[in-house]
Every structure is written in structure tokens, then in C-alpha cells.
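Please read these numbers as outputs of a predicted model, since none were measured by experiment.
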Amino acid sequence: QVQLVESGGGLVQGGGSLRLSCTASGRTVGVYAMAWFRQAPGKDRELVAAIGWSPPDPYYSDSVKGRSTISRTDTMYTIHLQLDQLKPEDTAVYYCAAGPLYIEYNANQYRYWGQGTRVTVSS
């Protein structure tokens with residue numbers, strides 16, 4: 001009964017920027033940590049960034065560290081992922097996930113998922 005609504009995906013040129021957003025609504029009593037995963041063709045779903053509940057500390061994968069920022073609004077149920085210096089290898093479907101009490105690195109630890117938003121980075 002938790003709904004995750006994503007936005008912000010699209011087509012962007014290499015070196016450009018994109019800002020993804022996700023809002024959790026409904027019965028959010030079981031929503032704590034939230035995260036962004038991505039899945040490229042022929043690859044496993046991988047964690048991109050995550051943010052905790054209390055405190056809302058961030059985590060970044062090595063692939064995006066230094067060129068991304070994950071944040072959480074004061075309401076705690078909306079997160080944003082700012083992606084800068086985009087590369088063609090960032091092309092993937094990005095999924096918003098939510099649920100665990102603490103940040104987890106495996107996708108199967110997140111109960112709630114969005115539909116995914118496609119990010120395409122051209123050369």
C-alpha cells in the first residue's frame with residue numbers, strides 16, 4: 001500500500017546533468033531508508049545511492065561518487081538524486097526503492113519499488 005512515484009528521467013547529452021525525484025505515499029509507516037538502483041541492459045540491478053532515515057546520511061557507489069548528490073526533504077518521504085557529468089555508461093533504468101530501517105546494499109532488502117524511470121545519455 002506504499003506508492004513510489006518517480007520523475008526526472010530522460011535523454012541528456014554526455015557531460016550534462018539530470019535530477020531524479022521520488023516520493024513515497026500511502027501507508028508509509030514501514031518506510032525508512034530510501035535508495036536509487038539502476039539496471040542497464042545485460043547487467044544486474046545495482047545500488048547507485050541511498051539515504052538513511054535517522055540520521056539521513058548518504059551513501060554513494062563508486063561509479064557515481066563525486067558527481068552525484070542524494071538528498072531528502074524535510075518531510076522525509078521525498079528524495080532527489082542529482083547526477084552530474086553524465087556518461088553513456090550511466091544509461092539505465094533507474095528505480096526508486098524504500099523500506100529498511102538502515103541503508104542496505106542489496107536490492108532484496110527493499111520492500112517497495114517504483115516503476116523505474118529511463119535515463120539515456122548520448123555520446
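Nearest heavy atoms, Leu20 versus Thr117: CD2-CG2, 4.3 Å. When all heavy atoms of Pro100 and Tyr32 are compared, the closest pair comes out as O-CB, 3.1 Å. Residues Ser17 and Val12 approach most closely at O-CG2, 3.8 Å, considering heavy atoms. Nearest heavy-atom pair across Ile103 and Gly52 is CD1-N, 3.5 Å.
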- Between Tyr112 and Val31, is a side chain to side chain contact (heavy atoms under 4.5 Å, CB included) present by the stated rule, with each step listed? CA-CA 8 Å; Tyr112 308 107; Val31 174; 4.1 Å; yes
- Would Val119 and Leu18 count as a side chain to side chain contact (heavy atoms under 4.5 Å, CB included) if you check the C-alpha gap in whole Å, the side-chain angles of each, and the deciding distance to 0.1 Å? CA-CA 9 Å; Val119 172; Leu18 215 55; 3.7 Å; yes
- Show your working on side-chain hydrogen bond (donor to acceptor under 3.5 Å, both in side chains) between Thr120 and Thr91 and close with a plain yes or no. CA-CA 5 Å; Thr120 302; Thr91 296; 5.3 Å; no
- Task: Before giving the answer on side chain to side chain contact (heavy atoms under 4.5 Å, CB included), spell out for Leu83 and Tyr94 the whole-Å C-alpha distance, their side-chain angles and the decisive distance to 0.1 Å.
- Result: CA-CA 12 Å; Leu83 295 170; Tyr94 285 70; 4.0 Å; yes
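To the nearest 0.5 Å, atoms CG (Asp57) and CZ (Arg72) are separated by 11.0 Å. We find the CD1-SG distance between Ile79 and Cys96 to be 4.0 Å, quoted to the nearest 0.5 Å. The distance from atom CD of Glu104 to atom OH of Tyr110, rounded to the nearest 0.5 Å, is 6.5 Å. Atoms CH2 and CG, from Trp113 and Leu4 in turn, are 9.5 Å apart once rounded to the nearest 0.5 Å. Note that the CG atom of Asp44 and the CZ atom of Phe37 stand 12.0 Å from one another [nearest 0.5 Å]. Remark: Thr69 OG1 to Asp84 CG distance equals 6.5 Å, nearest 0.5 Å.
Hydrophobic clustering (side-chain heavy atoms under 4.5 Å, transitive across Ile, Leu, Val, Met, Phe, Trp, Tyr) keeps Val93 apart from Val121. Met34 and Leu47 are members of different hydrophobic clusters when ILVMFWY side chains are connected at heavy-atom separations under 4.5 Å.
Taking the six-membered ring for Trp and the full ring otherwise, Trp53 and Tyr102 have centroids separated by 6.0 Å or more.
When hydrophobic residues (I, L, V, M, F, W, Y) are linked wherever their side-chain heavy atoms come within less than 4.5 Å, Val5 remains an isolated member.
A heavy-atom distance below 4.5 Å is not found between the side chains of Tyr59 and Ile70.
Side-chain polar atoms of Ser63 and Arg38 form a donor-acceptor pair below 3.5 angstrom. There is no side-chain donor-acceptor pair under 3.5 Å between Ser71 and His80.
Note on Asp90 versus Arg67: salt bridge recorded, some NZ/NE/NH1/NH2 to OD/OE distance being below 4.0 Å.
Heavy-atom contacts from other residues, nucleotides or ligands closer than 6.0 Å to CD of Glu46 number more than 12. Crowding of Glu89 atom CD: a count of heavy atoms from other residues, nucleotides or ligands under 6.0 Å exceeding 12.
Side-chain N or O atoms of Glu6 include none that pairs as donor or acceptor with a backbone N or O of Cys22 at under 3.5 Å.
The cationic atom of Arg45 (NZ for Lys, CZ for Arg) lies less than 6.0 Å from the six-membered ring centre of Tyr95 and within 45° of the ring axis.
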